[in-house]
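Let me begin by presenting the structure, written as C-alpha cells, before commenting on it.
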Amino acid sequence: MVAEVPLLRLEGISKSFGKVQANSEVSLSLSAGRILALLGENGAGKSTLMAILAGQLQPDDGSIVLDGEEVRFTSTEKAIGAGIGMVYQHFKLVEAMSVAENVSLGKKEGVWLRKGDMHHKVARLAEQYGMRVDPGARVGDLSMGEKQQVEILKLLHRQSRILIFDEPTAVLTPAEAENLFATMRLMAGQGKGIIFISHKLEEVMSVADDIAVLRRGRVVAAMPASAVTSTGALAECMVGREVLLQVDRQPLEPRQIVLKVAQLSDFGLGDISFELRQGEILGLVGVAGNGQKQLVETICGLRRPQDNAVRLLGLDWAQFFRNPSWERTLAYVPEDRQGLATCQGLSLLDNFLLTTSAGFTRGPWLQRGLAAEKARRLMEEFDIRPADLAAQAWQLSGGNLQKMVLAREFYRKPRLIVAEQPTQGLDIAAAEDVWKLLLEAREAAGILLVTGDLAEAMALSDHIGVMYRGRLVGLFAVDDEEKVALIPQMMAGLA
Amino acid sequence: MSAEIVIALLAATVQSGTPILFATLGEILSEKSGVLNLGVEGVMILGALVGFVVARHSGNPLLGFVAAGLVGSAATAVHGAVCLWFQGNQVVSGLALTIFGVGLANYLGTAYIGTPAPGFSPVPLPGLSELPVIGTIFFNHDPLVYVSYLVPPLLWLFLHATRYGLGLRAAGEYPGAAVAAGLDVVAYRWLGVVGGGFFMGLGGAYLSLAYTHLWTSNLTAGRGWIAVALVIFAFWRPGRAVFGAYLFGGIMALQLRLQASGAQVPSSILLMLPYALTVFVLVLSSWRKGSSDEPAALGVNVAPVD
C-alpha cells in the first residue's frame with residue numbers, strides 16, 4: 001500500500017465499566033475502499049467499540065482520527081455529521097412508515113417532503129446499489145433482508161463514508177447474506193470504508209479485506225485477509241488458549257447418568273448424542289450461533305424434542321417437564337442473567353423466591369421470614385455483596401448477580417445443571433468464584449457448561465464437546481491432548 | 001320528521017361537533033408525537049374560561065379565542081414538563097391536569113356565571129350559503145366553524161408532507177429511530193404536546209364564545225373525554241376525526257331536540273347517550289385495530305441521553 005492517510009484510525013481506545021475493562025488500548029485502521037472485519041466472541045468488546053465510534057459512548061482514553069484529524073464525537077448527531085453510519089443489529093426503522101419516509105427521516109433542508117421526489121431519489125439509490133426495494137412500501141411489511149437494505153439506503157442517502165455493520169447476517173437468510181456482501185463490495189468499490197462486525201469465520205473470510213480480532217477488549221491480531229492461512233488460526237485467536245486463572249480440579253468418580261441426549265436432530269441440530277454423569281462437567285465449546293442455544297433451550301424445556309431424544313434424570317423429556325418436583329430438578333443458569341435469570345426491579349429476596357418459592361409455602365401463604373433466613377445464610381456462604389436482601393437486582397454488579405443466581409439455583413440441590421457463559425462479562429475475581437462454585441456443585445450434579453471461552457472449558461471440564469453448524473463434531477476427554485490441539489480446526493469446521 | 005327539521009338538526013350537528021373536533025385534533029397531534037394527554041377535559045375548560053374572560057374584558061371575542069389557545073398550550077406545558085423532563089407517568093399526569101383544570105376553572109369562574117360577554121355570531125358565507133341543503137348545514141355558521149374546516153387538512157399536511165411532521169411521527173413511533181437519524185426527540189414531543197394543547201384550548205373557547213355565549217360551571221361536560229376516545233375511533237387520522245366529531249355532535253344535538261320536544265324518555269337517559277356512544281365506538285374500533293395508525297411508542301417516555 002502507498003502511504004496514504006487512512007480514512008479512520010483508532011488510537012489506544014480504552015473504556016471500562018466499573019471493574020470490567022470493555023476496551024483496552026484498541027488501535028485499528030480503516031482505509032477507504034476496504035472492508036475491515038472485526039472478529040470476536042460475545043462480550044469481546046466489539047459493541048462497546050462501535051458505540052464509541054457512533055458517538056453513544058465516550059472513551060476513557062485514546063483518540064479517533066478521521067482523515068488525519070483528531071475528532072471527538074460527543075453525540076450521535078456529530079458522528080453522523082462526520083459521515084459515520086451504523087447499521088444496528090436491531091434496526092432503527094419506523095415500521096409504520098414507508099421506505100422513503102424512513103430514508104428521509106432526519107433530513108435537514110426544506111420544509112416539504114415532496115413525495116415524488118423522495119421516492120425517485122430512493123429508487124435511484126437502490127438501483128445504483130443493486131437493491132430491490134419499493135420506496136412506497138411500508139417498512140413493517142418488509143422481510144428482514146429488505147429492512148436491512150433500507151438501513152443501508154439511509155446511510156447512503158446521508159452520504160456516510162464509513163459504514164459499520166453490527167452482526168448484519170444474524171437475521172438474514174443465506175441468500176440475503178450473499179446479496180448484502182455484494183452490496184458491501186460495491187460500496188467499498190466506490191471508496192467507502194466498511195467495518196463488518198461478526199463472529200462467523202467463513203463470512204469474514206469471504207468478504208473482508210482486513211481482519212482484526214478482538215478478545216477480552218484487546219486487539220489480539222490484525223492482518224490483511226490474504227495473510228490468513230487457515231480459519232483455524234483465526235478461531236484460535238478468537239477464543240484464546242492462554243489460561244488466565246488456575247483452579248484446582250480433581251476429577252471425581254462419575255456416577256449415574258443425569259442427562260442423555262440421543263440423536264437429537266430438531267431445530268437445526270444434527271444428530272447430537274452425548275451422556276452426562278453426576279460428578280462430571282461437560283464443556284460445550286464452539287463459535288456462538290452453531291446450535292448451542294437450540295440445544296440448551298431443548299434441554300431446559302423451552303423447545304420440545306422428538307420422543308426419546310432427551311432423557312433427564314432417567315425420565316423422558318415430556319415426563320420430566322410435565323411433573324416438576326422439588327427433588328427432581330434441573331438448574332438453568334442462563335447467559336442473560338439480567339433478563340432471563342432475574343427481575344431487575346425486584347428485591348434479592350423476591351429474586352431468590354423466583355425459582356425456590358415452592359420450598360417456602362404453606363397452603364396459599366408464602367413464608368417470607370423463613371425464606372429470608374435461608375437467603376441470608378446463602379448470601380454469606382456465597383459472599384454476595386451488598387448482603388442486603390432488600391437491594392434490587394439491578395443494584396448488584398454482574399459478578400454478584402451471577403453468584404446470587406448460582407446460590408439460588410444450587411439451593412435446591414439440583415442433580416443437573418446447565419450453565420451458559422457463566423463468567424461472560426465478569427471480572428477475574430468474580431469469574432474465579434464462579435468457577436469454584438461450579439466445581440463444588442459437581443459433587444451432587446452433572447454440569448453442562450456451554451461457553452465461548454476455550455480456557456474456561458479447559459479449566460473446568462472433564463469432557464469437551466465441540467459444536468459446529470448444529471453438530472457435535474468432537475467429543476473427547478480433556479486430557480486427550482491430540483484432540484484438544486484440534487479444537488480450533490473443529491470449531492471452524494475443518495476437522 | 002320533515003326535511004327542514006332534519007336540515008336544522010344537521011346544522012346543529014356541525015356546531016356542537018366543532019368543539020370536540022378542535023380537541024380531538026389537538027389530542028391527535030399530541031399522541032402522534034408519543035405523548036398521551038388525558039388532561040384534555042381540564043385544558044378545554046381552562047380555555048373556555050379564559051376565552052370568555054378575555055372577550056368580556058377586551059370586548060374582542062377573537063382575542064379571547066386566541067388567548068384560550070395560548071392558555072391551552074401553557075396548561076399542557078405542565079404535562080410536558082412532567083413527562084418530558086421528569087419522565088413522569090403520562091396517565092397520572094394527564095388525569096391530574098384534568099382534575100386541576102376543572103377545579104381551577106370552576107373556582108375562578110364563579111364570579112362570571114350569568115354575566116354577558118361578546119361572542120361569535122353566524123356569518124353566512126356569501127355564495128356557498130345559498131347552496132341548497134349543504135349551504136344551511138355547513139356554510140351558515142359562526143367564523144370559528146369555518147376555521148375548524150381548515151384545521152384537519154392542514155394538520156394532515158403538516159404530519160405527512162413536511163419534514164417536521166415526519167420527525168414528530170417518528171418520535172411517537174420509534175424514538176430510537178429518530179435519535180439514530182440525529183433528531184431531537186424531546187423537542188418534537190414538546191411540539192406535539194404544546195401544539196396539541198393550543199387546539200384543545202380553542203375547542204374550549206368555542207363552547208363559551210360561540211356555542212353558548214355564557215360561562216357556567218362544568219361547561220365542557222365531559223367533551224374532553226369524548227375527544228380522547230375519538231382519537232382511538234379516528235385511528236389517529238385527522239380526516240376520520242371530522243367524521244367522529246360530527247357523529248357525537250349529532251347525538252348531542254339530537255338529545256337536546258328530543259328533550260325540548262318533550263319526548264317520553266327520561267332526560268337523564270338522553271343526556272347519557274353521547275357517553276354510551278363513546279363506549280360503543282371504542283368497542284367498534286378495537287375490532288378493526290389492524291388498520292389503525294396508533295403510534296407504537298404512545299405513552300412511552302424517552303429516557304434522557306447521558
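Side-chain atoms are counted along with the backbone in the values below, which use heavy atoms only and exclude waters and symmetry mates. In this text the structure is predicted, and so the values were computed from the model without any measurement. Numbers restart at 1 for each chain; the letters A, B, ... are given by sequence-line order, proteins then strands.
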- Within 6.0 Å of CD in Q344(A), more than 12 heavy atoms from elsewhere: yes
- Message: Is it the case that over 12 heavy atoms from other parts of the model lie below 6.0 angstrom from the OH atom of Y275(B)?
- Response: yes
- Quick one: side-chain hydrogen bond (donor to acceptor under 3.5 Å, both in side chains) pairs with a partner in residues 73-84 of chain B, sequence neighbours left out? H79(B)-S93(B)
What are the two closest heavy atoms between [X] and [Y], and how far apart are they?
| X | Y | answer |
| --- | --- | --- |
| L105(A) | G167(B) | CD1-CA, 4.1 Å |
| V179(B) | T76(A) | O-OG1, 3.8 Å |
| A177(B) | V94(A) | CB-CG2, 3.8 Å |
| L93(A) | Y174(B) | O-CD2, 3.0 Å |

- Query: Side chain, backbone, both or neither: which part of A180(B) has a heavy atom under 4.5 Å from chain A?
  - Reply: both
- Which pairs, with at least one residue in residues 47-62 of chain A and sequence neighbours excluded, count as a salt bridge (Lys or Arg N to Asp or Glu O under 4.0 Å)? K15(A)-D60(A)
- Note on the structure: CE of M97(A) to CD of E173(B), rounded to nearest 0.5 Å, is 6.0 Å
- Item | side-chain contact (heavy atoms from CB on, under 4.5 Å) involving A81(B) - partner list, sequence neighbours excluded | W85(B), W190(B)
Leading residue by heavy atom contact count with chain B [cutoff under 4.5 Å; candidates [options]]:
| options | result |
| --- | --- |
| H90(A), M118(A), E109(A), K115(A) | E109(A) |
| A79(A), A96(A), G110(A), S104(A) | G110(A) |
| E77(A), E101(A), R114(A) | E101(A) |

- Hey, which residues of residues 80-88 of chain A are touching chain B, say heavy atoms under 4.5 Å apart? I80(A), Y88(A)
